[in-house]
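One structure is given below, encoded as structure tokens.
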Amino acid sequence: MTKQVLILPGDGIGPEITAEAVKVLEALKASDNLDIEMTEDLVGGAAYDVHGVPLADETMDKAQASDAVLLGAVGGYKWESLDISVRPEKGLLRLRKEMNLFANLRPAVLFPQLASASTLKPEVVAGLDILIVRELTGGIYFGQPRGIRTLENGERQGYNTYVYSESEVKRIAHVAFQAAMKRNKKLTSVDKANVLEVTEMWREVVDEIAPQYPEVEVKHMYVDNAAMQLVLNPKQFDVMVTGNMFGDILSDEASMLTGSIGMLASASLDENNKGMYEPSHGSAPDIAGQNIANPLATILSAAMMLRYSLGREDLAVKIENAISKVLDQGLRTGDIYSDGMTKVSCSEMGDAVVAAL
Ligand code: NAD
């Protein structure tokens with residue numbers, strides 16, 4: 001059956017980079033029986049300019065009816081002074097919330113050709129390939145009660161609640177185990193079980209689920225050690241699973257091991273592997289409209305969409321191999337350029353990936 005894909009280019013470089021991902025998907029439709037129908041709509045500032053809101057109800061309905069959403073980026077100088085309720089980011093948050101996207105998958109992949117872009121030694125990071133699975137809709141960012149109160153002695157006290165129910169841990173653990181099954185079958189669950197009861201339970205639930213995936217080797221690691229190990233020996237990791245706050249921090253740390261923001265994809269999934277796919281970077285208003293942005297993070301996000309929501313692992317691998325080939329050819333957008341390479345524009349990079357397919 002034809003799968004429905006909603007394309008939301010958004011703002012800034014969003015339209016330029018998503019156009020290149022669409023180009024790649026169109027090529028696969030023609031060459032590899034990729035059975036998808038793509039529809040485009042507005043999100044972020046672009047939606048605000050037309051509808052007065054960063055995500056129209058009709059667009060939300062289309063997203064709900066789609067098998068996957070591919071998003072560029074939102075935001076820009078033009079909309080910074082708007083009331084917070086209609087800022088471009090609110091469009092993104094609404095999509096995440098109403099689509100119930102509880103699982104955030106952020107790969108930190110360093111193509112060996114770009115090893116010199118990292119601040120770490122090339123031998124430490126060359127070939128790095130980590131997938132961080134972060135719980136996105138629970139934990140301390142959402143726990144109640146929360147707030148700032150004044151105590152009887154007049155002193156102010158800030159407080160938050162770190163809470164996870166068993167079912168929340170189970171569903172994110174299943175996503176992580178299933179992702180590990182598609183990769184090198186190693187899973188590291190990150191917690192602070194020596195101090196926090198909520199993560200003591202997290203650890204127990206992960207262990208209870210593990211027998212359902214006998215091929216996956218499971219390890220538990222305290223978050224402080226995980227932060228250290230990511231810098232010391234990042235290639236020991238395959239899939240890491242953790243809660244919302246630890247995942248927020250560790251995924252940023254891991255992504256920066258690669259040193260190139262224009263290369264990092266992400267996926268946010270619901271219980272049925274329906275998802276939203278977007279590059280990890282923002283709308284880069286400083287370079288928008290110049291055809292110089294790196295479209296590879298968005299093209300890699302499209303590859304994740306094929307892998308997780310559209311059941312075409314074969315085509316995900318095909319895209320990843322094509323990107324590797326293009327890098328082997330020495331083609332680089334400005335953000336990943338180094339001496340001796342050939343500098344290409346955003347659209348030339350997209351064309352090169354299509355040619356390499
Ligand atoms: P940014 O990621 O947009 O840009 C940071 C720097 O990286 C800039 O110098 C930019 O030119 C560069 N960069 C980013 N993506 C690139 C690419 N594909 N190719 C080449 N260079 C690239 O972050 P920012 O400057 O902090 O934010 C700009 C706007 O994006 C803000 O309005 C912010 O709110 C928004 N934002 C949106 C998202 C999202 O849509 N998910 C995420 C982060 C920031």
Side-chain angles (χ1 to χ4, degrees), residues 6-24 41-49 54-55 59 63 69-97 99 101 104-106 109 111 114 117 119 134 136 248 251-252 255-256 258-268 275-302 304 323 326-327 331-338 341 343-350 352-353:
L6 179 64
I7 309 283
L8 297 175
D11 310 318
I13 59 170
E16 299 162 54
I17 53 180
T18 43
E20 300 315 309
V22 167
K23 208 187 251 178
V24 170
D41 211 330
L42 301 172
V43 69
Y48 176 81
D49 287 348
L55 188 79
T59 315
V69 176
L70 182 67
L71 186 135
V74 299
Y77 314 128
K78 186 177 167 192
W79 304 283
E80 268 167 17
S81 56
L82 288 179
D83 184 76
I84 192 151
S85 62
V86 287
R87 291 241 182 101
E89 295 74 18
K90 285 283 174 192
L92 261 189
L93 295 178
R94 183 174 177 200
L95 282 162
R96 285 181 189 153
K97 185 161 174 253
M99 291 174 73
L101 304 175
N104 184 221
L105 274 54
R106 274 184 62 176
V109 178
F111 286 88
L114 301 179
T119 51
R134 166 189 171 195
L136 200 59
D248 190 3
S251 62
D252 267 24
S255 69
M256 278 304 105
T258 72
S260 44
I261 196 170
M263 300 293 299
L264 298 167
S266 86
S268 303
M276 183 159 85
Y277 298 82
E278 52 182 318
S280 294
H281 58 71
S283 58
D286 52 333
I287 58 166
Q290 300 174 40
N291 193 23
I292 58 172
N294 185 348
L296 293 179
T298 316
I299 297 174
L300 286 165
S301 301
M304 290 188 84
I323 289 176
V326 165
L327 295 174
L331 304 186
R332 304 280 189 274
T333 43
D335 57 310
I336 51 173
Y337 177 78
S338 58
M341 299 293 136
K343 201 181 267 187
V344 294
S345 67
C346 179
S347 54
E348 285 166 343
M349 186 57 105
V353 174

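Values in this document were obtained by computation on a predicted structure and should not be read as measured data. Order of appearance sets the numbers: ligands from 1, and atoms from 1 within every ligand.
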Can you confirm whether something in the protein, heavy atoms only, sits under 4.0 Å from [atom]?
{"atom": "atom 3 (O) of ligand 1", "answer": "yes"}
{"atom": "atom 27 (O) of ligand 1", "answer": "no"}
{"atom": "atom 20 (C) of ligand 1", "answer": "yes"}
{"atom": "atom 35 (C) of ligand 1", "answer": "yes"}

Closest by any non-hydrogen atom to [atom]: pick that one out of [options].
{"atom": "atom 7 (O) of ligand 1", "options": "I336, I261, N294", "result": "I261"}
{"atom": "atom 38 (C) of ligand 1", "options": "G334, G282, C346", "result": "G282"}
{"atom": "atom 40 (O) of ligand 1", "options": "I17, V43, V74", "result": "V74"}
{"atom": "atom 22 (C) of ligand 1", "options": "T333, L296, I287, L92", "result": "I287"}
{"atom": "atom 15 (N) of ligand 1", "options": "K78, H281, E89", "result": "H281"}

Problem set entry | I292, portion touching ligand 1 at heavy-atom distance under 4.0 Å |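 It is neither part, as no heavy atom is under 4.0 Å.
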
For this session: Examine the proximity of ligand 1 to D286 and report which part, side chain or backbone, both or neither, has a heavy atom under 4.0 Å away.
Result: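 Side chain only.
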
Near [X], which atoms of ligand 1 are under 4.0 Å from a heavy atom of that residue?
{"X": "E278", "value": "41 (N)"}
{"X": "G76", "value": "32 (O)"}
{"X": "G75", "value": "32 (O)"}
{"X": "P285", "value": "28 (C), 29 (C)"}
{"X": "A284", "value": "3 (O), 10 (C), 11 (O), 13 (N), 14 (C)"}
{"X": "A73", "value": "40 (O)"}

Can you tell if the side chain of [X] reaches within under 4.5 Å of the side chain of [Y], non-hydrogen atoms only?
{"X": "P279", "Y": "L264", "result": "no"}
{"X": "E80", "Y": "K78", "result": "no"}
{"X": "V74", "Y": "L8", "result": "no"}
{"X": "I299", "Y": "M349", "result": "no"}
{"X": "E348", "Y": "S345", "result": "yes"}
{"X": "P9", "Y": "V22", "result": "no"}
{"X": "D286", "Y": "Y77", "result": "yes"}

Closer than 3.5 angstrom, by distance alone: can the side chain of [X] be matched with the main-chain N or O of [Y] as a donor-acceptor pair?
{"X": "R332", "Y": "L327", "result": "yes"}
{"X": "D11", "Y": "A46", "result": "yes"}
{"X": "E16", "Y": "N291", "result": "yes"}

Exercise. In terms of residue, atom name and distance, what is the protein heavy atom nearest to atom 29 (C) of ligand 1?
Worked result: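 Here the closest protein heavy atom is S283 OG, 3.2 Å.
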
Problem set entry | R134 CZ to D252 CG distance, which is reported to the nearest 0.5 Å |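 R134 atom CZ to D252 atom CG measures 8.5 Å (nearest 0.5 Å).
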
